[in-house]
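The structure under discussion appears below in the form of structure tokens.
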Amino acid sequence: MKKNLQEGLRPYLPDQSLEPVMEWIDGRRLFMRIARERKTKLGDYRPPQKDDIHRISVNGDLNPYEFLITLTHEIAHLAVWEKYGRRARPHGVAWKTQYASMLGSLLEKNIFPIEIESIIRKQVDNPKANSKSNTDLVRALHAHNTVRAGVFLEDLPAGAIFSLSDGRRFRKEEKLRKWYRCTSQDNRKIYRISPVTRVIPWED
């Protein structure tokens, strides 16, 4: 079972990261699933039910560095569940401490390119629950994608019309504190959209 899991993960992970990942999950009853692309999440963790099996899924379309970061995030949930069960908040102090410790061990092995490593080092003491909210990390990780559809919203000029992957169209307005104010071209409602959302410029 362990060998099958190891070989199943190998194509998705960067060099030198398979060994620490297998050490983290060794001896644990875990069902690991490589999922198809999901727009709403990169991965998830589900605690054991009646069968005492932990369940982790990670999107298979992620580049190796994003896959590793996401898998580490989810294994941290597993470790916290084993220690505290439902007493620990999903992304509370216990999870942040566990996740930071695991990221720190990866940084010691020089797995990440320098631009990704430097960003992780800056946030390792207080990691974010959602890696997508770290815009610097999103940009650095995206540089290693083999497929780069669309552009970042922040790279479009004000007033530009664009569409999201689900086909909805918006007009880019002014930047708020962190995100951009955007007007839906379908219902004229106002939405806040992250500057590092991948969008497709609309051409008349």
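Since the model is a prediction, treat every value here as computed from it, not as a measurement. Computed from heavy atoms alone, side chains included, the values below leave out hydrogens, waters and symmetry copies.
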Any donor-acceptor pair under 3.5 Å from [X] side chain to [Y] backbone:
X      : Y      : value
Arg198 : Gly150 : yes
Arg87  : Tyr84  : yes
Ser17  : Leu13  : no
Gln185 : Thr183 : yes
Asn59  : Asp61  : no
Lys172 : Leu156 : yes
Asn63  : Leu141 : yes

Side-chain contact test, heavy atoms from C-beta onward, threshold under 4.5 Å: evaluate it for [X] versus [Y] and give yes or no.
X      : Y      : result
Glu173 : Arg171 : yes
Leu9   : Val21  : yes
Met32  : Val58  : yes
Phe170 : Val199 : no

Review point. Does Arg192 count as lying over the ring of Tyr180, i.e. NZ or CZ under 6.0 Å from the six-ring centre, within 45 degrees of the axis?
Key: no
Check your understanding: With a cut-off of under 6.0 Å to the ring centre and 45° to the axis, is Arg89 in cation-pi contact with Trp95?
Key -> no
Drop me the distance from [X]'s [atom1] to [Y]'s [atom2], to the nearest 0.5 angstrom.
X      : Y      : atom1 : atom2 : value
Thr97  : Lys83  : OG1   : NZ    : 8.5 Å
Tyr65  : Ile120 : OH    : CD1   : 11.0 Å
Arg139 : Glu154 : CZ    : CD    : 4.0 Å
Leu78  : Tyr45  : CG    : OH    : 4.5 Å
Ile161 : Trp202 : CD1   : CH2   : 10.0 Å

Practice item. Please step through ring pair (Phe, Tyr, Trp, His ring centres under 6.0 Å) for the pair His73 and Tyr99, ending with a clear verdict. Key: CA-CA 6 Å; His73 175 127; Tyr99 185 40; 5.5 Å; yes
Check your understanding: Going through the distances and angles, do Arg28 and Glu82 end up as a salt bridge (charged side-chain N to carboxylate O under 4.0 Å, His left out)?
Key -> CA-CA 10 Å; Arg28 289 173 161 133; Glu82 286 189 333; 2.7 Å; yes
[X]-[Y] side chain donor-acceptor pair, cut-off 3.5 Å:
X      : Y      : result
Ser184 : Asn187 : yes
His144 : Glu115 : yes
Arg46  : Ser57  : no

Exercise for review: Give the ring-plane orientation class for His77 versus His91, where under 30° counts as parallel, over 60° as perpendicular and anything between as tilted.
Suggested key: perpendicular
Review point. In terms of side-chain geometry, is the basic nitrogen of Asp51 or Arg55 positioned less than 4.0 Å from the acidic oxygen of its partner?
Key: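 Salt bridge flag = yes for Arg55 with Asp51.
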Practice item. Of all the heavy-atom pairs spanning Phe31 and Ile53, show the shortest one and how long it is. Key: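 Nearest heavy atoms, Phe31 then Ile53: N-CG2, 3.7 Å.
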Study note, to complete from the structure: Smallest heavy-atom separation, Ile193 atom then Trp179 atom, equals O-CB, 3.4 Å
